[in-house]
Amino acid sequence: MSVGKRFWESLPAPIREDDTVLIAVLLALVAAAYFAIGGLQAFLAGSTVVNAAAQTLQSILFLSAVYGMLALALNLHWGYTGLFNIGVAGFMAVGVYAMSILAGDPGGLPPGLGLPVPIAIVGGVIAAAIVGGIAALPALQLDADYFAIVTVGFSEMIRLTLQADTFSGTVTNPDASGYNVVNLLGFSFGTGGGRGINTPLNSPFNFLFEGPLSAVGETLISAGESIGVTAPVVESAAYTTFILLVMLTSYYLLVQRVGNSPFGRVLKAIREDELVAQSLGKDTRIFKIKVFMLGSAMMGLAGILWQGTRGFVNPNTFRPLITFYVFTALIVGGAGSNTGSVVGGAVFAGLLLEGPRRLAGLINAIAEATFGGLPSPNTSWAALTSFDPAAYLGYIVANIPNLKFVFLGVVLVYLMQNRSQGLLGYRKEIASSVDLSERPGKPGEPGAAAAPDGGSNSGGDGDE
Amino acid sequence: MGVTESFDGGRLRAYLREPSVVLLAVAAVYLLVDLVAKLAGVSAGIAGVKLLGGHVPVSNVVGFVFDGLLLGLIIGLAGVGLSMTYSILNFANFAHGDYITVGAFSGWAAAYVVSFFTLGIDATFGEIILLNAPSLVSVVQTPLAVVVGLVVSALFTIALVLGLDRVVYRPMRDKEGIALLIASIGVALALRYVIVFFWSTSTRGVTSTSSESLPSFSIQVVDGTYTFNLHEVTMVIAAVALMLGVHLLLQRTKLGKAMRAMSDNKPLAQITGIPTERVVRATWIIGGGLAGIAGFLIILERGVLSYNFGWRLLLFIFSGVILGGIGSVYGAIGGGIIIGVASRIALVWIPSGFPRVAAFGVMILVLLYRPSGLFGGVTTA
């Protein structure tokens, strides 16, 4: 793709060479765009501009950050080790549900174990790691596409088990006929079944706004209100800031560290040629299981910090679709590249996931403001036979939530055909610990001077 | 692994030295004994702890087996196409489930249009084409609609599949399986939501189920009855006939020979002068046609149509294909039937929320114990 490459070359050098700057610039661009769109929409609808813009801004940054985190975890599996895991949703579900059960009220419906939330979070992460270890066992002997089928089947098994009435714990009377509380080693609990389960982390940054630290929260809220931002938005924004600055950054640093460690070099060797890695005396099975457990734990934690913070969750949240979202984010950014994972998370959330919806909202708002709204035909046939371009547009705009998936599918096919390495996949990976490409006198090829990135599909280009 | 192996005593002894195989065998024997005990209505246990047995009516189990066979035929019929494209084009096509959905929607829209004219329904054409008019079609009242629906579902799906191959897969022939797999997920998403764009997400009943339009029959089993209707019979006959047709095609024609050659060894097939692109096209035609017809028949049997039923069936189909062995057409049929029956029979032991879990579990077990599938396809590892 020469267009993409030319675009890349035309960027200022600091952006190309420093990944942190690149990510920051990209996030700032997405944020600015959404700030503007949110503000414009509110302006057209006649509500408070600043508050709406801030709300849009924080929600898009939050989505970018969680998709970035999940893409980083998947990158560890797929980008580094070549394990094509499409069961991300299952590991998220295990993390969220384990945490919710551990922290749930023992007298609640379904009953939980009543542990403190921090311990429950650790428990959820450990549970996700253990389930990841079990899921990795078939990986030891399967080809990539069979492994893909097994992982998606595994995640569906998890979801269906959580959904089943048998373990739901909704009938707590032991004498009732539908008694379905799970009793394991003296503990009673339930999954909530199809009704879902309450998550203990309702609004995770409450401690800033009540209790001993409330002074901090009050300062933030009054600062927000002075520019027209309401308290709930300030509270969400505090959490988004934490996810973005602390969690996404530590995920990035962790994956980067793992990738550059001797452990990570073995992972890349497995990806390139497992037989060679085995010939060099590495027990690749152990490495695969370990990395799978680590990645699953990260997915579990990301799930907890995302779906586990809404007060309530049900099994339908963890359909395979969410897995496809995550790997689309990774593919957009470039499998194997950590910077790419984060960039992919932002581009995916900003353009593919939220973009169409925002666009539809904007079109509607403009139509409302200018000529009193678009006609909205009930069915495609009514739209088709109306022979009215406004009705066509109205039907399309009303169906944007569905057409979004068509757009997503077309983007996936396009990327696979033309740019399977993603946005940042073509940068060279330097396998040695010092950057050999910066030797004086050697004419630098394009991209060779890029900072050592976590990896790329063309891995193994550097000297070992 | 594709070599036929004689199951001699030495191999059996070698198998029995593997602890995991012994464990699996013990589990299988236990379930079998337990099933027999449950049917006989006896229980056995040690020191008051029930080990096996209980009571399950024979008619229930017979019902499970027949329901499983119906489901299995559906999975098998849809799996033939998936297995063929898997072995010849070398990728797991995640869009196959949505090919089935497309076949169902196109076929049922056609069937509705036909019954609109033959029955003289009082509805607008928009309601008919969008399948919003309630439950019209049955084999007895509108046989022509069913036949037209079958033909249209096959033709429309074939046209769509060939078009998709031209646009999506052909430019990617030289890419590896994972890239094609991801592209097929993109195709699956796009297809499903194009259907939603036109037909919306609502679930609708399409077959007429009143007793005069859909006769049902009961057969006496030991302690109860098993009831089935004419649509189920139609589905079974059509599915078996199509499977027989595929068998004859692959065994008796030159095309079948070329296909089998290509799935065995592609370079060798090319060297011997087999026009591989033409074989690929033929594969899509057969696979797509079967997927479309399967979609139509599934809805004929189930009576309700929703936009995501093909996608929900896809993992079942994958399970059947993997169980039977990729690339083996008979494996796909046999594997589908085994998965179908196993997922229903499992209801003897597990609660009603879990048949899908059981089917996926069987698939994972097969991949662990016998990656080449029961009927010996190409290898998976």
**OP:** Kindly say whether the aromatic ring centers of B/Tyr193 and B/Phe198 come within a distance under 6.0 Å.
**Re:** no

**OP:** Show your reasoning for whether ring pair (Phe, Tyr, Trp, His ring centres under 6.0 Å) applies to B/Phe156 and B/Phe105.
**Re:** CA-CA 10 Å; B/Phe156 190 87; B/Phe105 271 90; over 10 Å; no

Original post:
Measuring heavy-atom distances to chain B, does A/Ile158 have an atom under 4.5 Å in its side chain, in its backbone, in both, or in neither?
Top reply: neither

Original post:
At a heavy-atom separation under 4.5 Å, does A/Phe327 approach chain B through its side chain, its backbone, both, or neither?
Top reply: side chain

Original post:
Does a salt bridge link A/Lys288 with A/Glu274, judged by any charged N lying under 4.0 Å from a carboxylate O?
Top reply: yes

**OP:** Sort out for me which of B/Pro171, B/Gly186, B/Ala92, B/Ser200 touches chain A most, counting heavy-atom pairs under 4.5 Å.
**Re:** B/Gly186

**OP:** Please state whether the side chain, the backbone, both or neither of A/Phe84 comes within less than 4.5 Å of a heavy atom of chain B.
**Re:** side chain

Original post:
Does the ring centre of B/Phe316 sit less than 6.0 Å away from the ring centre of B/Trp311?
Top reply: no

**OP:** Taking the six-membered ring for Trp and the single ring otherwise, decide whether the centroids of A/Phe407 and A/Tyr414 are under 6.0 Å apart.
**Re:** no

**OP:** Please flag which part of A/Leu403 lies under 4.5 Å from any non-hydrogen atom of chain B: side chain, backbone, both or neither.
**Re:** side chain

Subject >> Backbone N/O of A/Leu352 and side chain of A/Lys404: donor-acceptor pair under 3.5 Å >> reply: no

Subject >> Which atoms of B/Tyr86 approach chain A - backbone, side chain, both or neither, heavy atom under 4.5 Å >> reply: side chain

**OP:** Heavy-atom pairs under 4.5 Å with chain A are the metric here; pick the option from B/Leu181, B/Leu189, B/Val196, B/Ile178 that has the most.
**Re:** B/Ile178

Original post:
Mind checking what makes ring-ring contact (aromatic ring centres under 6.0 Å, His included) contact with A/Tyr395, not counting sequence neighbours?
Top reply: B/Phe197

Subject >> Engaged part of B/Leu315 at the chain A interface, taking heavy atoms whose separation is under 4.5 Å >> reply: side chain

Subject >> Ring centre gap for B/Phe318 and B/Phe94 strictly below 6.0 Å >> reply: yes

**OP:** Anything in residues 160-168 of chain B with a heavy-atom distance to chain A below 4.5 Å? Please list those residues in order.
**Re:** B/Val167, B/Val168

**OP:** Report yes if some heavy atom in the side chain of B/Val280 is under 4.5 Å from a heavy atom in the side chain of B/Arg170; otherwise report no.
**Re:** no

Original post:
Taking the six-membered ring for Trp, are B/Phe360 and A/Phe154 ring centroids under 6.0 Å apart?
Top reply: no

Original post:
Which bit of A/Val152 is near chain B, if near means a heavy-atom gap under 4.5 Å: side chain, backbone, both or neither?
Top reply: both

**OP:** Select one option (side chain, backbone, both, neither) describing which atoms of A/Ile396 are under 4.5 Å from chain B's heavy atoms.
**Re:** both

Subject >> When A/Leu415, A/Val413, A/Leu412 are compared by non-hydrogen pairs under 4.5 Å with chain B, the top option >> reply: A/Val413

Subject >> Donor-acceptor pair, side chain of B/Arg204 and main chain of B/Leu130, under 3.5 angstrom >> reply: yes

